[in-house]
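Taking it in order: structure first as structure tokens, then the write-up.
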Protein chains: 2
Amino acid sequence: MKEEKTIAVAVETPSTSRYSACLLFSANALARAITAIGDEEFGRFGICYSHAYMLCEVVDQPGITPSELSETLCLTPSTITRLVEKLEQKRLVRRESEGKKTLIYPTEEGESIQPEIAAAWDRVSERYSQVLGETDVCQLTQQIFKASKALGDGI
Amino acid sequence: MKEEKTIAVAVETPSTSRYSACLLFSANALARAITAIGDEEFGRFGICYSHAYMLCEVVDQPGITPSELSETLCLTPSTITRLVEKLEQKRLVRRESEGKKTLIYPTEEGESIQPEIAAAWDRVSERYSQVLGETDVCQLTQQIFKASKALGDGI
DNA sequence: GAATATTGTTTGCACATACAAATATCATTG
DNA sequence: CAATGATATTTGTATGTGCAAACAATATTC
């Protein structure tokens, strides 16, 4: 009797769960796990990882438009608007209307904290590389990005 | 004029973005892309993919507790509560309090639509396998799940 | 056996994200 | 040049998710 139970437990251990064989499940689990790291590092600036990336992009290309950001960051235009609003509230970027376009510029503060953001970014990479192994990370990242692009384009 | 535009598009293609080299970025991009497929298939039942998985789990193990679901689905207890509430509203599961535990059971309707859910699940797999290639999917899924587990445990 | 700690679950609050519709500007065509 | 179509951006609304705190019930310790 006991033996039967032991077998049952072994079967339902999470590593062999049916969900682990599901890309939809795994991809979201990974995203959540790694986002937790990102938010922890970027959270010191009161922003989340996508804000951080967006700020980098704006500092690099002052006057960038929401649609360009949408393309680069793989996020919906509406999401971009919301993120920009947040960064604007924090006085890290400002918006300028030019015709039907909106141009986004970094503020001085936005530019000045950018190096810290970049450093946090590096720390995030270090942290997950330490856990996963540097070479694995490179390969995995490439594969994952390729897959996301294929799915994004192919629908 | 037309030709110039074509060239410009080619230059700013996402595959050469610095973010593609970032696992945090790529993992989230993949999760969003694939969740879009999942929501499309499961959306016909008015639920999202995590509801679907949860319902499967509840049908398979009637009387399962939130903490067990939390473990299996890699989701926070509070998130589990919210998902259960939703499924309860839709009359697909019901809750029973037993001491400090909560036992979750499927309703008849919950049990009856479970096969359809499973079919939708298969369709999701088929759809992304078709885009990504079946063998790649297996390998990728395994790697991704392994990584998510490593990150989840190792923090 | 009462006080304290631990465990399981649920709320309050906040946030990233998306879809659909609204709005505003530009382009095109008759 | 007016009307219609296309494009860029923003809102309204909704949802999944998590953290921290509250709550409830069990376990432990003195």
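Letters A, B, ... mirror the listed sequences (proteins, then strands); counts begin at 1.
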Starting at [atom1] of [X] and ending at [atom2] of [N], how long is that distance when rounded to a whole Å?
X       : N       : atom1 : atom2 : value
I104(B) : dT10(C) : CD1   : C1'   : 12 Å
E68(B)  : dT7(C)  : CD    : P     : 16 Å
L87(B)  : dT10(C) : CG    : P     : 13 Å

| message | Could you check whether any side-chain heavy atom of I37(B) comes within less than 4.5 Å of a side-chain heavy atom of L24(A), counting everything from C-beta outward? | response | no
| Are side-chain heavy atoms of P106(A) and Q114(A) found at a separation under 4.5 Å? | no
| task | Please report the shortest heavy-atom distance between I47(B) and L87(B), naming the atom on each side. | result | CG2-CD2, 4.2 Å
| Between which nucleotides of DNA chain D, 5' to 3', does chain A make heavy-atom contacts below 4.0 Å? | dT7(D) to dG18(D)
| task | State plainly whether one hydrophobic cluster holds both V93(B) and F45(B), where clusters connect Ile, Leu, Val, Met, Phe, Trp and Tyr through side-chain heavy atoms under 4.5 angstrom apart. | result | yes
Nucleotides 21-28 of chain C: which of its N/O atoms have a protein N/O under 3.5 Å away?
| unit_1 | atom_1 | unit_2 | atom_2 | d |
| --- | --- | --- | --- | --- |
| dT25(C) | O3' | K100(A) | N | 3.2 |

Give me, pair by pair, the N or O atoms of the protein and of nucleotides 14-17 of chain C that are less than 3.5 Å apart, along with how far apart they are.
| unit_1 | atom_1 | unit_2 | atom_2 | d |
| --- | --- | --- | --- | --- |
| dA16(C) | OP1 | H51(A) | ND1 | 3.3 |
| dA16(C) | OP2 | K86(A) | NZ | 3.4 |
| dT17(C) | OP2 | S50(A) | OG | 2.9 |

| For residues 75-119 of chain B, which residue pairs qualify under ring pair (Phe, Tyr, Trp, His ring centres under 6.0 Å), counting only residues two or more places apart or in two chains? | none
Using distance only, find each side-chain donor-acceptor pair of residues 128-146 of chain B under 3.5 Å and give its atom names and separation, not counting sequence neighbours.
| unit_1 | atom_1 | unit_2 | atom_2 | d |
| --- | --- | --- | --- | --- |
| Y128(B) | OH | L23(A) | N | 3.1 |
| S129(B) | OG | S125(B) | O | 2.8 |
| T141(B) | OG1 | V137(B) | O | 2.6 |

With sequence neighbours left out, what residues match [X] under side-chain hydrogen bond (donor to acceptor under 3.5 Å, both in side chains)?
X       : answer
Q61(A)  : E57(A)
T102(A) : none
R91(B)  : none

| Of all residues at least two apart in sequence or in a different chain, which pass the ring-ring contact (aromatic ring centres under 6.0 Å, His included) check with Y53(B)? | Y19(A), Y49(B), W121(B)
| salt bridge (charged side-chain N to carboxylate O under 4.0 Å, His left out): pairs with one or both residues in residues 107-124 of chain A, sequence neighbours excluded | E41(A)-R123(A)
| query | Which residue pairs pass the side chain to side chain donor-acceptor pair (under 3.5 Å) test when at least one of the two sits in residues 80-90 of chain A, sequence neighbours left out? | reply | E88(A)-R95(A)
| query | Which part of the nucleic acid does T102(B) contact within heavy-atom distance under 4.0 Å: base, sugar-phosphate only, or nothing? | reply | sugar-phosphate
| task | Hey, could you give me the CG/CD1 distance between L55(A) and I113(A), rounded to the nearest 0.5 Å? | result | 5.5 Å
| Residue-level proximity of residues 53-66 of chain A to DNA chain C when a heavy atom falls under 4.0 Å | none
